[in-house]
Amino acid sequence: MAMAMIDRKTCFVALALGTAAGCSGSGSGAYPSLAIRNIERVEGSFEPVATEQLDVPPVEVDLAGGLDARLAALVRQAEQAHLSFTAATPRAEEQVAAARDAQVGSDPWAIAQVALADLDSARSETAVALGDLDILHVAATLQADDLTAIDAARAQVTALVSVEDATLERLRARMR
């Protein structure tokens with residue numbers, strides 16, 4: 001065992017010497033200088049590039065009846081979409097329960113997938129209202145307007161979307 005250790009050490013030393021010898025450019029054993037070569041010297045200076053000031057265009061929003069009326073309409077739109085989602089949920093739950101042990105691609109599985117897609121559509125309608133509220137929020141932020149009413153409406157619609165997301169997640173977990 002001691003002999004094997006010596007052989008390994010000898011081998012490593014020989015490899016190290018062989019590699020070191022290969023580094024020298026000539027057979028003289030002299031190594032190249034580590035001093036900075038002329039080509040490696042940095043010369044010159046960098047000048048910053050002139051940039052143009054960007055003009056941020058105002059966000060166009062339709063506030064024909066005023067902000068409060070638009071917010072109320074968007075919240076109403078989201079609530080109606082949420083009612084559609086809520087109405088479709090029991091049927092989707094039944095379809096998912098029927099497909100619980102079904103094979104992927106079977107009729108019960110496909111019917112459950114269609115029911116989940118219907119719920120996704122209803123959720124999308126709620127999310128459209130949230131997207132419009134987000135646009136109003138951005139416009140008000142860029143114009144440094146008061147965000148209180150917009151944020152309150154967004155909180156209401158976000159809560160509806162969160163409930164819908166939780167329902168979809170729960171039903172999809174049952175399909176696995």
- Those residues that, when tested against A92, pass side-chain contact (heavy atoms from CB on, under 4.5 Å) (two or more places apart): A115, L119, L171

- Task: Would you please name every residue forming a side-chain hydrogen bond (donor to acceptor under 3.5 Å, both in side chains) with R172, sequence neighbours left out?
- Result: D120

- Tell me the salt bridge (Lys or Arg N to Asp or Glu O under 4.0 Å) pairs involving residues 140-160, sequence neighbours left out? D134-R154, D151-R154

- Item | Same apolar cluster (I L V M F W Y, side chains within < 4.5 Å links), I150/L130 | yes

- Sorted by chain and residue number, the side-chain contact (heavy atoms from CB on, under 4.5 Å) partners of E40 (sequence neighbours excluded) come out as I36, R37

Check residues 74-87 and write down every donor-acceptor pair under 3.5 Å in which the side-chain atom is one partner and the other belongs to a residue at least two apart or another chain.
{"from": "H82", "atom 1": "ND1", "to": "E164", "atom 2": "OE2", "distance (Å)": "2.7"}
{"from": "S84", "atom 1": "OG", "to": "Q80", "atom 2": "O", "distance (Å)": "3.4"}
{"from": "T86", "atom 1": "OG1", "to": "H82", "atom 2": "O", "distance (Å)": "2.8"}

- Note on the structure: D165 meets the side-chain contact (heavy atoms from CB on, under 4.5 Å) criterion, sequence neighbours left out, with R123, V161

- L71 side, atom CG; L136 side, atom CG - distance, nearest 0.5 Å: 6.0 Å

- For L34, which residues count as a side-chain contact (heavy atoms from CB on, under 4.5 Å) partner, sequence neighbours excluded? none

- Task: State yes or no: do I111 and L168 share one hydrophobic cluster built from I, L, V, M, F, W and Y residues joined by side-chain heavy-atom distances below 4.5 Å, directly or via other members?
- Result: no

- Task: Rounded to the nearest 0.5 Å, what's the gap from CG on L160 to CD on Q156? Could you check?
- Result: 7.5 Å

- Note on the structure: Note: P108 and A98 closest approach over all heavy atoms is CB-O, 4.1 Å

- Message: Give me each pair satisfying salt bridge (Lys or Arg N to Asp or Glu O under 4.0 Å) with a member in residues 83-94, each pair once, sequence neighbours excluded.
- Response: E93-R170

- Message: Test of understanding: clusters of I, L, V, M, F, W, Y form through side-chain heavy atoms closer than 4.5 Å, transitively. Do V157 and V128 belong to the same one?
- Response: no

- Item | Residues in salt bridge (charged side-chain N to carboxylate O under 4.0 Å, His left out) contact with D118, at least two apart in sequence or another chain | none

